[in-house]
Amino acid sequence: MPVQHAETDAHFNVIIIGAGFSGLATAGRLAELRPEARIALVDALEVGQGASGRNAGFIIDIPHNLDPTEPDAQANTKARDLNTFAIQRLQRIQEQQGLEVCWHQAGKYLAAHEEKHFSGLSDFVKTLEAIGEPYEILNGDALAKKLGTHYYKRAVYTPGNILVNPAALAISVASALPANVTLFENTPVQEINLANKVIQTPKARLSADTIVLATNAFTEKFGVASNQITPIFTYASLTRPLNENEMQCFKDKAAENKTTENIAPWGLTSAHPAGTTVRFTSDRRIFIRNTLTYQPTLSSTGASLDKVKVKHRQSYLARFPQLPNVPFEYTSGGMICVTMNHQPVFTEHKPNVYVIAGMNGVGVAKGTYLGHYMAEYIYGKQSPELDFILNHSVPSWIPPDPFRSVGAHIRLSFEEYMAKGEV
């Protein structure tokens, strides 16, 4: 796969804008289906620098937005199968490329600190049983033995989730693209004419027969998906690696452990959607992610990051008081894209202009399978999977600003207040 900057004008059969997981998957599958086609994949950054490399590194197999008040076991089963398909495809790629992406089938804990959130775990179990998914319920000391912290009182463990270094995985997927895909990194789109299918970059004018917008939270900037998506900023901090003495504190906290090696890398999401996501990584770091803000640009001031870092520190110390002197090595923010009803944008916006957006915070698996089937949609390859995606890609209407901004701020503040101890 040639990697370059767009220096001269050129024409392609397909231009894909956005080299996140959905854009990468679209390019890869199109190249398989049309080996004779000239395909361009264009991104303003380098692969792995955007949202695809800034997420928590979960490749979640279970439908992430399970709603027991509206049970649909058939739809949840199909979504699970699509996620599993994406995981299998990504695993094949990373094994073939041989790049270290910290791939680990660790499963996932959905956990609660406060008893008032136990009902959310019970609802989750009901949905898992409806789709025949295995799980384990852990409480108290048994849970602390796995996590090295007694903060959480109860959790539901499911085994199929994968933990990775997401930036490394995105780079691995990009390295596997066939030779008929040209990747243009550090090539922002300055202007676009969707009618004529022409994009202007800093140094070149690129045209195509077909354009795919795999731009997620930035899709509205291209005049597409108006009143369907909401960009949300979330923030994460990562400690330096724990040393041997600090690892011993894990052993002491989880007294049943005989050796520190018994605490394997793990990932945990909160029983409340506004709660804290936590990971213990394979290189012995602790990852904390929380705080959601409506901020529809990439600008993030140092003051806001400093404030977030203080909040992360509070969350960290509440969970790991035995490790008070382990500093954060990194703190950063990243943008996700949500829709009101959790359904993505997956459509032909106008003839030969296609759009993928609205990953709802689970873009590694969802972006991969949506990109794969977007390529098949463009190619005209029909399947039950594509029919399911098309039937479940109808995002609810969202009011425009200033109503969207006011509503988002109120909703996010309310959800964080309700989450309380889960943050």
*Do R154 and E422 pass the salt bridge (Lys or Arg N to Asp or Glu O under 4.0 Å) test, and can you show the C-alpha distance, the side-chain angles, and the key distance before you say yes or no?*
CA-CA 12 Å; R154 180 174 297 174; E422 307 307 331; over 6 Å; no
*Could you check R205 against E191 for salt bridge (Lys or Arg N to Asp or Glu O under 4.0 Å), going step by step and ending with a plain yes or no?*
CA-CA 9 Å; R205 179 178 179 273; E191 296 180 23; over 6 Å; no
*side-chain contact (heavy atoms from CB on, under 4.5 Å) between Y373 and S383: does it pass, once the steps are laid out?*
CA-CA 9 Å; Y373 285 103; S383 67; 3.8 Å; yes
_Please evaluate residues L242 and F280 with respect to the criterion side-chain contact (heavy atoms from CB on, under 4.5 Å), reporting the C-alpha separation (whole Å), side-chain torsions for both, the decisive distance (0.1 Å), and the verdict._
CA-CA 10 Å; L242 304 186; F280 176 60; 4.1 Å; yes
_Full working for salt bridge (Lys or Arg N to Asp or Glu O under 4.0 Å) between E246 and R240_ = CA-CA 11 Å; E246 291 158 350; R240 63 154 169 75; 2.8 Å; yes
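For the pair E32 and K381, the salt-bridge criterion is not met [side-chain N within less than 4.0 Å of a carboxylate O]. Ion pairing between a basic and an acidic side chain is recognised when a charged N comes within 4.0 Å of a carboxylate O; R404 and D401 show such pairing.
Residues passing the salt bridge (charged side-chain N to carboxylate O under 4.0 Å, His left out) test with E95, sequence neighbours excluded: none. For I232, the side-chain contact (heavy atoms from CB on, under 4.5 Å) partners two or more places apart in sequence, or in a different chain, are T230, L292, Y294, I336, V338, L412.
V125 places a side-chain heavy atom less than 4.5 Å from the side chain of Y135.
Checked against the 6.0 Å centroid criterion, the rings of F388 and H392 qualify as a close aromatic pair. Aromatic ring centroids of Y235 and F233 lie under 6.0 Å apart. Ring-centre distance between Y157 and Y109: below the 6.0 Å cut-off. Not less than 6.0 angstrom separates the ring centroid of Y152 from the ring centroid of H113. H372 and F85 have their aromatic ring centers within a separation under 6.0 angstrom.
Among all heavy-atom pairs drawn from F287 and L238, the shortest one is CB-CD1, 3.8 Å.
Geometric assessment of K420 against the ring of Y417 yields a positive cation-pi assignment under the 6.0 Å and 45° thresholds. Within the cation-pi definition used here (under 6.0 Å to the ring centroid, within 45° of the axis), R313 qualifies as a partner of F328.
For Q382, the CD atom counts as loosely surrounded, since its 6.0 Å shell holds 12 or fewer non-hydrogen atoms of other residues, nucleotides or ligands.
Side-chain polar atoms of S175 and Q97 form a donor-acceptor pair below 3.5 angstrom. Using modelled atom types and a 3.5 Å distance limit, the side chains of S207 and H11 yield a donor-acceptor pair.
Atom-to-atom distance recorded for I17:CD1 and D43:CG is 10.0 Å, nearest 0.5 angstrom. Distance OG1/T26 to CZ/R29: 11.5 Å, rounded to 0.5 Å. Atom CG in D283 sits 8.5 Å away from atom CG in N165 (nearest 0.5 Å). Atom CD1 of I286 is separated from atom OG of S237 by 12.0 Å, given to the nearest 0.5 angstrom.
Side chain of N83 to backbone of D61: a donor-acceptor contact under 3.5 angstrom is found. Remark: the backbone N or O of P402 is not paired with any side-chain donor or acceptor of S405 at under 3.5 angstrom. A donor-acceptor pair is defined here as one N or O able to donate and one able to accept, closer than 3.5 Å; no such pair exists between the side chain of N352 and the backbone of K197. In this structure, N180 contributes its side chain and A37 its backbone to a donor-acceptor pair below 3.5 Å. The main-chain N or O of T239 is found under 3.5 Å from a side-chain atom of R285 such that the two form a donor-acceptor pair.
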